[in-house]
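First comes the structure, then the notes that go with it.
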Amino acid sequence: MGTDAALLYNPFDPEFRADPYRFYDRLRVEQPAHRSPAGLVVLTRYDDVVQTLRNPAMSRDVETTATPRTDPISVRRRERAQAGTKTILNLDPPDHTRLRRLVSKAFTPRAVERLRGRMEQLVDDVLDRAEERGRMELVDELAFPIPFQVISDLLALPDERADDIREWSQLLTASLEPTVSLEMFDAADEAALALRAHLAEIIADRRNDLGDDVLSALIVAEEDGERLSAEELLSFVILLYVAGHETTVNLIGNGVLALLGNRSELDRWRDDPGLDATAVDELLRYDGPVQHTVRVATGPMSFHGVDVDAGDALLCVLGAANRDPAVFDQPGELRLDRANAAQHLAFASGIHYCLGASLAKLEAGVAISQLIRRFDRLELLEEPEFRDRLTIRGVERMELDVSRSG
């Protein structure tokens, strides 16, 4: 069609990282599937993405099943994968099935709902302090501490090293970026070692003093004679700790920014508690934190004339699929009462649908609804800063002027 798709999907372009959605819009129309210079097949239409995510013939174990690439970063990724135990994110059945069955009971909607009261109190405390000052920095004061404290509570982990863990988490997620450098990868590996050592010590102590918490439950979890090995347990706790707050931080930040840019929708949610159960789905669809995920073909297939062989990696662009007009009417508009918002793919789909989806949605719903109902006045004091990331997209800093009339 005359379009150089590689120029449209270019994670090295600062304009693309700053606002990928206008590039997605063109790709869906002009090149819904194309092979990137890195060799990945990029998919941007909803139907292609959802079918790929739900296809049992697709693998999530990228480092094992994908045709090996020889660039330095890919080599390092393989070395990292071979050196450690894979997380549930990167496993295929039957290992994925076994691990998910062992850990899923802690994250059912009913189990998560029991945390609502604790979340509401944590948010109230943050908003009380912000009200006294008449301003707040959304990310450091609300978006980060709430999900971090909740996941710490769930696992009964001490929180005195919150600053260290936040830094380690950000280094680890930075290594997921397509633009990662070898220096950043080295820093992420150092962070992983530090986090592993920190959590391994806590797990060892917990084995001798089990309590009523998710970490204790994981230690004793058993079904059909299967238990988590020591390495599986450590890898899963690291995943919970990092993913349990990192993506939710960005969901809250992106969501608040979207509402500030759509005041009529902010007012609608403020006045209608009936939207509490559904508004977060639309925020996830509109500007979700996780922009893409990868699957590997285990056999030949084709997308819009692009042939795929076994071992080819498919980049499923979740952010593009969530703005597909074939599924979502006027997708560039934020509509908190959108009837099919829950069809979004922000948490992926299929067997790898995000285990913590219910927790993330509840945390974001509580934090954002209490924020907009506490303060009549919510104004940006300066232009928000986005982290220069694409895989996990989010606001890094947002200074707000806050007050209420009542």
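The structure presented is a predicted model; accordingly, all values stated were derived computationally and were not measured.
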R207 vs L233, side-chain contact (heavy atoms from CB on, under 4.5 Å): CA-CA, chis, key distance, verdict
CA-CA 12 Å; R207 288 185 186 279; L233 176 64; 3.5 Å; yes
Is it true that D48 and H304 share a donor-acceptor pair across their side chains at a distance under 3.5 Å?
yes
Does either side chain, that of D324 or that of Y24, offer a donor lying less than 3.5 Å from an acceptor on the other one?
no
Would you mind checking if R323 and D25 are paired as a salt bridge, meaning a charged N to carboxylate O distance below 4.0 Å?
no
Minimum heavy-atom separation for N340 to F328, with atom names?
O-CE2, 3.4 Å
Residues R22 and E15 bridged, charged N to O under 4.0 Å
yes
Is any NZ, NE, NH1 or NH2 atom of the basic residue among R133 and E141 found under 4.0 Å from an Asp or Glu carboxylate oxygen of the other?
yes
Derivation and outcome, side-chain contact (heavy atoms from CB on, under 4.5 Å), residues S36 and Y9
CA-CA 8 Å; S36 76; Y9 194 91; 5.7 Å; no
Can a salt bridge be assigned to the pair R196 and E231 using a cut-off of 4.0 Å between side-chain N and carboxylate O?
yes
Quick one about R60 and T65 (side-chain donor to acceptor, distance below 3.5 Å, no hydrogens or angles considered), yes or no?
no
Any donor-acceptor pair under 3.5 Å linking the side-chain atoms of Y46 with those of Q51?
no
Non-neighbouring partners of F144 that pass ring pair (Phe, Tyr, Trp, His ring centres under 6.0 Å), sequence neighbours left out
F148, H245
State, without any angle test, whether N250 and R387 hold a side-chain donor-acceptor pair at a distance under 3.5 Å.
yes
Would you say Q291 and Y21 are linked by a side-chain donor-acceptor pair, where the criterion is simply a distance under 3.5 Å?
yes
Hydrogens and angles aside, do R54 and S349 bring a side-chain donor and acceptor to less than 3.5 Å of each other?
yes
Taking R17 for the side chain and F12 for the main chain, is one N or O donor matched with an acceptor at less than 3.5 Å?
yes
Rounded at 0.5 Å granularity, tell me how far CG in L234 sits from CD1 in I203.
5.0 Å
When you check the gap from the basic side-chain N to the acidic O, do R335 and D329 get nearer than 4.0 Å?
yes
Between R374 and E120, is there a salt bridge with N-O shorter than 4.0 Å?
no
Write down the atom of P384, the atom of V395, and the distance for their closest heavy-atom approach.
CB-CG1, 4.3 Å
Between D140 and R166, is there a salt bridge with N-O shorter than 4.0 Å?
yes
Quick check on D212: does its CG atom have over 12 non-hydrogen neighbours (other residues, nucleotides or ligands) under 6.0 Å away?
no
Evaluate R285 against D281 for side-chain contact (heavy atoms from CB on, under 4.5 Å), listing each step before the verdict.
CA-CA 6 Å; R285 183 203 67 81; D281 277 318; over 6 Å; no
Test: E131 and R129 ion pair at under 4.0 Å:
no
